[in-house]
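Beneath this line is the structure, given in structure tokens, with notes to follow.
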There are 2 protein chains.
Amino acid sequence: MAKVTIKDVAREAGVSISTVSNALNDVDVLNPETKSHVLNVAKRLNYVPNLNGKLLKSGKSKMLGFFTTSVSGPYFYTLVETMSRECDRHGYGLNIFVTKDKQVIMSNILGGRVDGVIIYEELGIDDMDIALIEKNKIKSVFLDREIQNETMGSIIFDSYVDAYEATKYLISLGHKKIAYISGVETMFDSEQRKAGYLAALHDYGLTADEGYILQGYFEEEGSYNAVKSFVNIHSGKLPDAFLAGNDLSAIGAMRALKSLGYEIPRDVSVVGFDDIDIAQYFSPPLTTVRNQIARQGMLVVNHLIRMIQKKEQGRHEKLQGELIVRNSSQIKMVRD
Amino acid sequence: MAKVTIKDVAREAGVSISTVSNALNDVDVLNPETKSHVLNVAKRLNYVPNLNGKLLKSGKSKMLGFFTTSVSGPYFYTLVETMSRECDRHGYGLNIFVTKDKQVIMSNILGGRVDGVIIYEELGIDDMDIALIEKNKIKSVFLDREIQNETMGSIIFDSYVDAYEATKYLISLGHKKIAYISGVETMFDSEQRKAGYLAALHDYGLTADEGYILQGYFEEEGSYNAVKSFVNIHSGKLPDAFLAGNDLSAIGAMRALKSLGYEIPRDVSVVGFDDIDIAQYFSPPLTTVRNQIARQGMLVVNHLIRMIQKKEQGRHEKLQGELIVRNSSQIKMVRD
DNA sequence: ATATACTATATAAGCGCTTTCATTTCAATA
DNA sequence: TATTGAAATGAAAGCGCTTATATAGTATAT
């Protein structure tokens, strides 16, 4: 049995294809009887419209595209869940494209398969691509960079301020020697957090020591190794606190410290970023900065849909994080 | 500036649109000079083919669709990563549709937007839908159910055997009273694991006690509560071991046990399923069954692409898990 | 010189759908 | 009775592309 098209339905129902189309799309010009008859026939034949034909003509897919190189990591959990729920709520579908192939990305963004695009792409998409997206009038919102552009939007985290606040918190506990465990330099968030950390140190009159910035690659293992070798190099002399660029790093750091016989937070405070699931169940439960991921997901979809439907222009929002104080940090103990 | 189409390129290059099409699609009939000239013009105009037009005509999208209600949870990490890498390798794109809306799902499966579909859908898609997918000759592979059907494939985990083996392992350590922490009854894996657990008990002459099956909802918190109230009901009398339906449950169980003052594995063994990231870093590191998720992702894509390209028929594969023995389980201590 | 076979390119049909506009029907009004 | 207009439906164009077929131009064989 071949695929049933609108023609088949028309023939079977004894009407023209435009009547079928009108019936299916709820265009209110038909005799109610005709309409329900057509709908019955369509159902009986198990007719499902071909989306390509539909889209080619109408240009409206009721689909949002999310372009990303990965959906791994705790961040995407919440983000994708919220976005898809929010899409559902507005009668849109969410279409995720996971690839690093810029060809594929651009061809799907510009190829007219979706009504609007959400882009999370640390690498790859450059200014020329962005110009091209803009020129094609594709509605778009970015999740990982600020766009200085009226036709596109961005909803990002204020990692700089968050790190500033977290550092300030550690300082307020009396810590003076604070180390930062960073990711790689191409990571926007890692760099923003480092900058915020440095700014806070500076503002509160503490000296920033280059040697206190460790390279943990935002991974458990990487951070574990970094901390171990740090302690080694400094012959056992610990900083007062570690500010880890993300929770995985914090967890790796704590594992290293525990394995070296230190107790947290008695001997050293540790603060992470992200508040991943496991953070609260860890021992000790981790003090960390929680991003408003769900809010980001909600906002990005709402914003994009408004841009599509109401021709609203691109807005740029920065979401503040919230410091969740648990047991991996405490007031500096004065030892004698 | 309006969207540039194949016509614009043709006009600008002074050739017909079929020549443009042939140049772009690398059809080897053109004079190399003509071809490169056309390609240059296309590039200069920033031409990107409209995928709907292309697809409508050709019927080939070089895209695979993955339909799921969620991408949350550690399982999807690996699965999606592997699938997308594997797609890339074969020149296909991966298109994830996250929704619970059956209308959306079916219309995208049957609407001709993708060349083949991968379906993970615990609920929603019923036998009628499956029949419809089959009738439309859509190539499909299922990840969460067995299909008894030659035109469709399935790559699933052998949860039954895995649980059987894990239970056998616990029995071999001398444990006799073994509790199972289950998810809800609609979860295929949870039920399969329960069945395997019960079968092993039976085969080794142990009695299965209805009261030893706890309801943890496959979540940390749920399992924590279930274990707490279990211990409460049994007035402190612990089983020899807990077999948790997944790692989150195992972690919740361990938290409950620790909070009640028990030590693991001295007082009770705990075994989980899935080997999530954190399992190895937990304290104590968790004994668990590792599924071949990456292998599943690889197989499903390869299989689907072979079905599409080589008209291969649907295969049905069951993937065996691997028991990873860590420190949350040990030989039964005989107390006096 | 004519027929034949290639080679390179253009023409045109049509994929499945929406949508504009024309047509038909029929009741209401002048 | 003729005119008008509203309501319901159909005809047809065309979205952007691929592809089968036609055509023209050139080289080779007879």
Side-chain angles (χ1 to χ4, degrees), chain A residues 2-39 41-42 45-63 107-108 110-115 136-138, chain B residues 2-39 41-42 45-63 107-108 110-115 136-138:
Chain A
K3 198 152 272 182
V4 16
T5 74
I6 199 172
K7 264 190 211 160
D8 302 314
V9 178
R11 185 174 354 93
E12 189 72 13
V15 298
S16 73
I17 60 168
S18 50
T19 299
V20 176
S21 176
N22 284 330
L24 291 166
N25 293 295
D26 227 21
V27 178
D28 207 12
V29 292
L30 293 186
N31 183 324
E33 281 170 31
T34 314
K35 178 167 161 183
S36 80
H37 170 232
V38 170
L39 257 26
V41 172
L45 298 183
N46 288 317
Y47 170 67
V48 178
N50 179 305
L51 294 175
N52 301 309
K54 192 164 180 152
L55 222 71
L56 179 56
K57 186 62 193 175
S58 73
K60 300 273 142 259
S61 67
K62 289 293 238 172
M63 280 271 164
S107 118
N108 277 287
L110 302 175
R113 309 202 61 174
V114 289
D115 292 350
N136 281 269
K137 302 192 200 314
I138 308 287
Chain B
K3 197 151 274 181
V4 15
T5 75
I6 199 172
K7 262 191 214 161
D8 302 315
V9 179
R11 184 173 358 92
E12 188 73 13
V15 297
S16 74
I17 60 168
S18 55
T19 298
V20 176
S21 177
N22 284 329
L24 291 166
N25 294 294
D26 227 19
V27 178
D28 207 10
V29 293
L30 294 184
N31 183 323
E33 281 169 32
T34 314
K35 178 166 159 184
S36 80
H37 171 232
V38 169
L39 257 26
V41 172
L45 298 183
N46 288 318
Y47 169 69
V48 178
N50 179 306
L51 293 175
N52 301 308
K54 189 162 181 153
L55 223 70
L56 180 55
K57 185 63 193 177
S58 73
K60 300 274 143 260
S61 67
K62 290 293 239 172
M63 280 272 164
S107 117
N108 277 288
L110 302 175
R113 307 201 57 164
V114 290
D115 292 350
N136 280 270
K137 303 195 200 310
I138 308 288

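Excluded from the calculations below are hydrogen atoms, water molecules and symmetry mates; all remaining heavy atoms, backbone and side chain alike, are included. Since we're looking at a predicted model, the values are computed, not measured. Note on naming: letters A, B, ... go to the chains in the order of the sequence lines (proteins, then strands), and numbering restarts at 1 for each one.
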Report summary line: Distance col, row Ile6(B):CD1 vs Leu45(B):CG, nearest 0.5 angstrom, shows 12.0 Å
Report summary line: One should read off an interatomic distance between Ser107(B) OG and Lys54(A) NZ, to the nearest 0.5 angstrom, of 7.5 Å
Report task. Scan residues 28-35 of chain A against DNA chain C and write down, sorted by residue number, each residue with any heavy atom closer than 4.0 Å; if none is found, say none. Result -> none
Requested in this report: Name the nucleic acid region contacted by Ser21(B), choosing base, sugar-phosphate or nothing; use a 4.0 angstrom heavy-atom cut-off, strictly under.
Outcome: base
Query raised in the report: Is Asn25(A) touching bases, backbone alone, or none of the nucleic acid, heavy atoms closer than 4.0 Å?
Result: sugar-phosphate
Report task. Report the distance from atom NZ of Lys3(B) to atom CG of Asp8(B), rounding to the nearest 0.5 Å. Result -> 12.0 Å
Query raised in the report: Counting only N and O atoms by type, is there a donor-acceptor contact under 3.5 Å from the side chain of Asn136(A) to the main-chain atoms of Ile138(A)?
Result: no
Query raised in the report: Going 5' to 3' along DNA chain C, which nucleotides are the first and last within contact of chain A (any atom under 4.0 Å from a heavy atom)?
Result: dC15(C) to dT19(C)
Report summary line: Distance col, row Leu56(B):CG vs Leu51(B):CG, nearest 0.5 angstrom, shows 12.0 Å
**Report entry** Interatomic spacing from CG in Asp115(A) to CG in Leu55(A) - rounded to 0.5 Å
**Finding:** 7.0 Å
Query raised in the report: Is a side-chain N or O of Asn50(B) found less than 3.5 angstrom from the main chain of Asn52(B), in a donor-acceptor match?
Result: yes
**Report entry** d(NZ, Lys60(B); P, dC17(D)) in whole Å
**Finding:** 19 Å
Requested in this report: Please list residues of residues 6-19 of chain B whose heavy atoms come under 4.0 Å from any atom in DNA chain D, ordered by number; otherwise none.
Outcome: Ile6(B), Lys7(B), Ile17(B), Ser18(B)
Query raised in the report: Are the side chain of Asn31(B) and the backbone N or O of Glu33(B) linked by a donor-acceptor pair below 3.5 Å?
Result: yes
Requested in this report: Mind checking the OG-NZ spacing from Ser21(A) to Lys57(A)? Nearest 0.5 Å is all I need.
Outcome: 10.5 Å
Report task. Output yes when a side-chain donor or acceptor of Arg113(B) lies under 3.5 Å from a complementary backbone atom of Arg113(A), and no otherwise. Result -> yes
